[in-house]
Structure formats: C-alpha cells, structure tokens
Amino acid sequence: MNPDDVHLLAGLFRQARDIVFLTGAGMSTESGIPDFRSPKGLYAAGVTEAVFDIEVFRSHPEVFYGFVRDYLPAFRAARPHAGHRAITTLAARPFANVSVITQNIDSLHQDARNPVVLPVHGSLAASVCQSCGARTPTAALWPQIESGHVPRHACGGVFKPEVVFYGEVLPAEVFRAASNRVYAADLLVVCGTSLVVNPAGGLPRQRQPSCKTVILNQGETWLDAEADLVLREPAGVVLEAAVSRL
Ligand code: CNA
C-alpha cells in the first residue's frame with residue numbers, strides 16, 4: 001500500500017462535508033464473502049447469472065437455494081471488517097455527513113452501524129412468501145435451506161429473500177435517495193464494485209463536476225479515468241489506514 005495514496009485519501013476525508021461511499025461485493029471479500037467478478041469470485045467458481053435471474057427463480061427456485069446452501073457458511077460467518085468500522089468512525093466526526101449506497105445484500109454495513117445505508121439491491125435479512133406475502137427473518141429459514149429444501153410458508157408458497165434479482169426493478173425510493181445523495185456529495189468513494197451492474201453502476205454520473213472521486217477497487221472500472229485518486233488495494237485495509245490518520 002502506497003502511504004502517499006493513504007495520505008491523499010485522508011486529506012480528502014478531512015476536507016469533505018458530504019461523503020458518499022458506493023460499495024459492492026468487493027467490500028465484503030475481506031469478510032470472507034466472495035464477489036462475482038474477481039479471479040476467486042463466484043463466476044469463476046462456476047456460478048452463473050441464471051442463479052440470480054427472477055424468471056429462473058419463479059420456475060426453479062431450487063437453483064437459487066442450491067447456491068445459497070453452498071455459500072451459507074460464508075454468509076453466516078461474515079462479520080464487518082476494519083473498513084466497515086472505519087466508515088462508522090468517519091461518520092462520527094463533526095461536520096461529516098456520511099452515507100453508504102451499497103449493492104451488497106449481506107447487511108455488513110448495517111451490522112457495523114454505518115449511520116445511513118441505502119441497500120439498492122435489497123437485503124438477505126428478511127424473506128417474503130410469494131403466495132400470501134408473509135414476511136420472516138431469513139435466518140428462520142436456514143434449517144429448511146440447509147436440509148436441501150426450498151423454504152416454504154405454511155400456505156405452501158415459496159419464500160424469496162428481499163433481494164433484487166436480475167430482471168427485477170430496484171426499490172424506487174431507495175434508488176431515488178441514492179441518486180440524491182450522489183448529487184449532493186462533495187466526495188464520492190467507489191469501493192469494491194466493478195460498476196458493471198446497472199443502474200447502480202451508473203450512479204456516479206449523478207455527481208456534480210466539483211465532486212472529488214476516489215476509486216478503491218482492485219479491478220478496473222469505467223470511472224477510473226475520471227477519478228481524482230485510484231487505489232488498487234484491499235478496501236478494508238486502506239479505509240482503516242486512512243481514517244486512522246484523521
Ligand atoms: P463485482 O462485479 O464482483 O465486482 C467486485 C469488484 O470488487 C471487482 O472489481 C474486484 O476487483 C473488487 N474487489 C474485490 N475484493 C476487493 C477488495 N478487498 N478491495 C477492493 N476491491 C475489491 O461485484 P459488484 O458489487 O460490482 O456487482 C454487483 C452485484 C454483486 C450486486 O448485485 C450484488 O448484490 C452482488 N453480490 C453481492 C455480494 C454481497 O452482498 N456480499 C456478494 C456477491 C455478489
């Protein structure tokens with residue numbers, strides 16, 4: 001890690017008043033959850049986009065739940081890392097207005113008590129019966145999922161987690177709030193996202209020309225050429241180091 005880059009990032013944190021983090025699956029790899037597109041990610045492991053496709057879920061929910069069963073131990077064991085906690089520390093500074101727009105469904109930002117979290121792709125925390133609308137904590141369904149079953153409500157309907165699948169519309173209010181936060185930002189930090197899944201990946205286009213832009217991502221993104229600072233290091237390590245300098 002280049003200490004000059006960390007110093008620069010700390011300086012940007014110090015000067016900014018409205019700081020927005022836009023995070024993706026790469027923000028959770030240091031907590032043990034694989035992302036999609038890294039060399040060690042889910043796609044490289046053979047998981048396909050069909051697993052997260054709403055039409056496939058409706059006709060064959062066992063495809064999604066087979067995936068969930070395989071990765072349940074990683075999701076259950078995951079805890080916020082030093083980078084998630086650094087965001088909470090940053091937000092506690094006077095005059096800093098910090099929000100997190102996340103594509104992640106794992107609730108790690110919320111678990112770390114980041115003050116404002118906008119989960120534009122929903123959350124795995126709760127599930128809803130697709131027949132009667134009954135809502136339950138997804139954790140209550142783990143035993144059914146672990147035993148190889150598609151979890152169902154007593155009415156017979158299939159439970160679906162409150163996650164946005166491919167082919168579904170994003171929650172409108174959350175996405176509008178996210179756009180507004182990016183528009184108001186004077187510092188945008190893009191963390192652990194390839195920015196290829198739209199519309200979330202296009203959110204940086206809502207920023208003002210005066211907004212400073214930092215890319216904290218190990219892979220390339222379409223935004224790199226427009227950024228004030230690009231760091232190809234692990235997000236958690238860098239955020240902890242930068243915030244500890246404030
Ligand atoms: P992605 O397309 O897999 O991109 C992740 C990016 O993060 C890649 O460019 C990596 O190079 C980079 N990266 C990986 N580890 C680190 C790290 N430690 N520090 C910095 N950069 C890192 O994932 P996106 O989030 O861009 O794609 C959006 C999808 C992924 C959303 O729909 C998510 O719901 C979905 N997803 C979420 C989770 C989760 O909730 N933890 C896990 C896997 C996929």
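Numbering of residues begins at 1 and proceeds along the displayed sequence. Since this is a predicted model, take the numbers as computed values, not measurements. Below, each value reflects all heavy atoms present in this structure, side chains not excepted, and no hydrogens, waters or symmetry copies. Order of listing sets the numbers, starting from 1, for every ligand and every atom in it.
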Contacts of Thr88 that satisfy side-chain hydrogen bond (donor to acceptor under 3.5 Å, both in side chains) - sequence neighbours left out: Asn114
Sub-6.0 Å ring centroid separation between Phe165 and Phe64: yes
Charged tip of Arg69 within 45° of Trp142 ring normal and under 6.0 Å: no
Val190 vs Val214 side-chain heavy atoms within contact, under 4.5 Å: no
Distances only, to 0.1 Å: what are the N or O pairs between ligand 1 and the protein that fall under 3.5 Å?
| residue | atom | partner | partner atom | Å |
| --- | --- | --- | --- | --- |
| ligand 1 | 2 (O) | Arg37 | NH1 | 2.6 |
| ligand 1 | 2 (O) | Ser194 | OG | 2.6 |
| ligand 1 | 3 (O) | Phe36 | N | 2.8 |
| ligand 1 | 3 (O) | Arg37 | N | 2.7 |
| ligand 1 | 4 (O) | Ser194 | N | 3.3 |
| ligand 1 | 7 (O) | Gly192 | O | 3.4 |
| ligand 1 | 7 (O) | Asn217 | OD1 | 3.1 |
| ligand 1 | 9 (O) | Asn217 | ND2 | 2.9 |
| ligand 1 | 11 (O) | Gly219 | N | 2.9 |
| ligand 1 | 15 (N) | Thr29 | OG1 | 2.9 |
| ligand 1 | 15 (N) | Gln218 | OE1 | 3.4 |
| ligand 1 | 18 (N) | Gly26 | O | 3.4 |
| ligand 1 | 18 (N) | Thr29 | OG1 | 3.1 |
| ligand 1 | 18 (N) | Glu30 | OE2 | 2.9 |
| ligand 1 | 19 (N) | Ala235 | N | 2.8 |
| ligand 1 | 21 (N) | Gln218 | N | 3.1 |
| ligand 1 | 25 (O) | Ala25 | N | 2.8 |
| ligand 1 | 26 (O) | Thr193 | OG1 | 2.7 |
| ligand 1 | 26 (O) | Ser194 | N | 3.0 |
| ligand 1 | 26 (O) | Ser194 | OG | 3.3 |
| ligand 1 | 32 (O) | His121 | ND1 | 2.8 |
| ligand 1 | 34 (O) | Gln103 | O | 2.9 |
| ligand 1 | 40 (O) | Ile105 | N | 2.8 |
| ligand 1 | 40 (O) | Asp106 | OD2 | 3.4 |
| ligand 1 | 41 (N) | Asp106 | OD2 | 2.7 |

For Arg245, all residues meeting salt bridge (charged side-chain N to carboxylate O under 4.0 Å, His left out), sequence neighbours excluded: none
Residue list, salt bridge (charged side-chain N to carboxylate O under 4.0 Å, His left out) with Glu146, at least two apart or on another chain: Arg76
